[in-house]
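Inspection log for the structure reproduced underneath, given as structure tokens.
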Protein chains: 2
Amino acid sequence: MSQTASIKDVATHAQVAVGTVSNVLNYPDRVSQRTKERVLKSIAELGFVRNDAARQLRAGQSRTIGLIVLDVGNPFFSSVARAAEDAATALGSVVLVGDSGQDASREAHYMDLFQEQRVQGLLISPVGDVADRIDTLRERGVPTVLVDQLADTDRCSSVSVDDQEGGYLAARHLLDTGRRRLAFVGTPSIRQVANRLSGAQRAVAEAAGATIEVLDSAGQTVLAGRQVGNDLVERAPGERPEAVFCSNDLLALGVMQSLTMLRTVKIPEDIALIGYDDIDFAVSAVVPLSSIRQPTEALGRTAIELLAEEQESGGTKHRAVVFTPELVVRQSTAGSPN
Amino acid sequence: MSQTASIKDVATHAQVAVGTVSNVLNYPDRVSQRTKERVLKSIAELGFVRNDAARQLRAGQSRTIGLIVLDVGNPFFSSVARAAEDAATALGSVVLVGDSGQDASREAHYMDLFQEQRVQGLLISPVGDVADRIDTLRERGVPTVLVDQLADTDRCSSVSVDDQEGGYLAARHLLDTGRRRLAFVGTPSIRQVANRLSGAQRAVAEAAGATIEVLDSAGQTVLAGRQVGNDLVERAPGERPEAVFCSNDLLALGVMQSLTMLRTVKIPEDIALIGYDDIDFAVSAVVPLSSIRQPTEALGRTAIELLAEEQESGGTKHRAVVFTPELVVRQSTAGSPN
DNA sequence: CGTAACAAATGAAACGATTCAAAGACGAGT
DNA sequence: ACTCGTCTTTGAATCGTTTCATTTGTTACG
């Protein structure tokens, strides 16, 4: 009673064989009504709870799906994670979320962990170069889906949003409102960020007399944004960009905090500001933040669907789903300069 | 090579006994340098990865700690979760996060799941009444720590923040700035929320001529807050409260969105607004949001510490750690009415 | 009455790691 | 040469499930 009862204890208590108890649990139809009742009663009395480790050992695979994100504190990722969880639950699986915090070693740590756990599959928004690692995982029968990053379809599946297009939309919008000297804030070592930047650069190249400088931030958090904002404030007014495109909303809100705290710079008159992701908090910012919206629910849901497809095909067929981002204009990019 | 190698395969390949391979992994000192090298080489060549299920089955316990929160999308909880993860990692454990979404059945689902996984321990911020369930868990050797809610110390340990005090601080602050007709927004069915409310009521009782009405929200999200805000906007101006205290910042930001969208109501002149948790986004809100700050990192870290204490004592000794919340005043509660 | 057909229940084997008592190897001391 | 002690290695037993070939029990039919 005090310690955990095993299936054997249940069998003894109900006076049946262990196989019968297992059948009651897994194939109730194979068992007669009478014994079923007896077994269920014993289970209740002993407070028996299946040991998942034993089950998994026998099955050779777990009912678990690993998800590695860049930052769970970012509403974008927590939204994707929740959608994935819901979709997985519907399939009888569970999602384990690991937070790499944009750190390659933490990412590797979680990959090791998930491999030891023999996860059904892996969803990952990678920091480092994980292509080789993913190949070996696939060889071992662990299908992987890249999340928020386009993959080579003959290596693995992916769900992503067209980041180049998103970057283009953002920069184009800033240029359309008359700004010429742009700045990009983010960590281009992350592929998604690099793509957003290159989209922005394309837009700049198309516009006469436009320039874009890159400000590498220390991370993609509110705090990192605040730091960049402080640097901007310290510049001579003429040296400041007319518009800032941040690679995500957290950064943008951080920049906004710094700029509005020191009352010298006005948004959007002096500096226009646009973010990326359109998190819930963007609309209620000091100056409501323009942003690029991504379909987070669709990303999470589709990731699970693709994983299921991979499993069915035995990891041979891959598919890349690409969603289109959407520009959301708010006050932070209103009007035109001067 | 293609499928996963077991310890037996490694043993064969390295021409040693399985026990030796196990020793290389767990007690390297017991093995001679030469065989150790040979075994490690085989491990690398075969790409062997430990099977956690088997290990866990033998050990009878996993290296996993379950954490059930009310809403991972809420930065308060993701911050607590991250702190707990970091503390657990330092102890060689892993935290699995389950999101109950304030739903008792989802909460029960995760409890079942974690019990099947034979987690080392459980951290939970409960929705429903889980006292009995926790008792049986303890009997089965699964220590539990209540997070963000005070527990009876002769039943289980807990880390919390004094919610009554927090509620008192918030309401008192509103009253001190001259407001008399207050409103409380939240879901008092959640214990924490109920405590915040009762603290606020105490403050109101102390102030002459002050009243507080309770607006039960559908959840504790930005969306739920927006709904409440819309209701407020539709009231005749004289019917509106002079100050609103929301049981968390998400709700407060939602209310703020509704109020500022329709330009008729001004914050803080017409309605003052205060939230709870002091999430990162509070400071960068349209009108910077006053709030009650809670020490999230300390909560997460301490939860893990208490769990360790429970484990050491065999679940016999319990301790309740209570932190003190702190009032953070910003523009949303500035000045006084009229 | 014999037996075929089907349903229900049985229990040993397997999954992959860890543990531990026992055996083996080797050198030092007598 | 023999014994003792230390260090290494061995391999069977174990954890709690699921699976599946067998056995047992029951009913139907010729």
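Just so it is clear, the values below take in all heavy atoms, side chains as well, and ignore hydrogens, waters and symmetry mates. Throughout, a chain's letter reflects where its sequence line sits, starting with A, and its residues are numbered from 1. Computed from a prediction, not measured in an experiment: that's the story for all the values here.
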Atom-pair distance (CZ on A/R30; P on C/dC6), nearest Å
17 Å

By nearest-heavy-atom nucleotide on DNA chain C, the more 5' of B/Y27 and B/A54 is B/A54

Heavy atoms within less than 4.0 Å of DNA chain C: which residues of residues 11-22 of chain B have one? Give them sorted by number.
B/G19, B/S22

Taking CD from B/Q56 and C1' from C/dA17, how many angstroms apart are they, rounded to a whole number?
11 Å

Within the pair B/N26 and C/dT18, is there a side-chain N or O less than 4.0 Å away from OP1 or OP2?
yes

Check: A/T316 side chain, A/S313 main-chain N or O, donor-acceptor pair, under 3.5 Å:
yes

Tell me whether B/D152 contacts the main-chain N or O of B/R155 through its side chain, where contact means a donor paired with an acceptor under 3.5 Å.
no

Checking contacts here: which listed nucleotide (C/dT10, C/dT18, C/dG16) is nearest the side-chain heavy atoms of B/R50?
C/dT18

Taking the side chain as every heavy atom from C-beta outward, state whether B/P28 and B/K36 have any pair of such atoms under 4.5 Å apart.
yes

Without decimals, in angstroms, what is the distance between B/D9 CG and C/dA17 C1'?
13 Å

A/Q149-A/Q192 side chain donor-acceptor pair, cut-off 3.5 Å:
yes

For A/V49 and B/R118, which heavy atoms make the closest approach, and how far apart are they?
O-NH2, 2.8 Å

Hey, which sits more toward the 5' end of DNA chain D by its nearest nucleotide, B/L57 or B/K36?
B/K36

Send over the distance from A/N51 CG to C/dG16 C1', rounded to a whole Å.
14 Å

Among the nucleotides C/dA13, C/dA8, C/dG16, whichever has the atom closest to the side chain of A/S32 is C/dA8

Under the 3.5 angstrom rule, does the side chain of A/D9 hit a backbone N or O of A/S6 as a donor-acceptor pair?
yes

Here the distance between atom P of C/dA17 and atom CD of A/Q117, to the nearest Å, is 14 Å

Look at the side chain of A/E116 and the backbone N and O of B/R50, then say whether any donor-acceptor pair between them is shorter than 3.5 Å.
no

Would you mind reading off the distance between A/Q61 atom CD and C/dG16 atom C1', rounded to a whole angstrom?
16 Å

Min and max contacting nt of DNA chain D in 5' to 3' order, chain A heavy atoms within under 4.0 angstrom, are D/dG16 to D/dT19

Send over the distance from A/R34 CZ to C/dA9 P, rounded to a whole Å.
9 Å

Is a side-chain N or O of A/T187 found less than 3.5 angstrom from the main chain of A/S189, in a donor-acceptor match?
no

On DNA chain D, compare the nucleotides closest to B/V31 and B/A59; which residue's is nearer the 5' end?
B/V31

For a quick check of understanding: with a heavy-atom distance under 4.0 Å over all strands, which category does A/D52 fall into, base, sugar-phosphate or nothing?
nothing

Under 3.5 Å, is there a donor on one side chain and an acceptor on the other for B/R133 and B/Q115?
yes

Between A/T64 and A/Q120: side-chain donor-acceptor atoms closer than 3.5 Å:
no

Just by modelled atom types, is the B/T89 backbone N or O under 3.5 Å from a matching donor or acceptor in the B/S93 side chain?
no

How far does the helix from C/dC1-D/dG30 to C/dT30-D/dA1 bend, going by the axes of its first and last five pairs, to the nearest 10°?
70°

Integer-rounded Å distance: C/dG16 C1' and A/R58 CZ:
12 Å

Looking at the side chain of B/R55, which of C/dA9, C/dT18, C/dA14 is the nearest nucleotide?
C/dT18

Do B/V72 and B/S78 touch side chain to side chain, with heavy atoms closer than 4.5 Å?
no

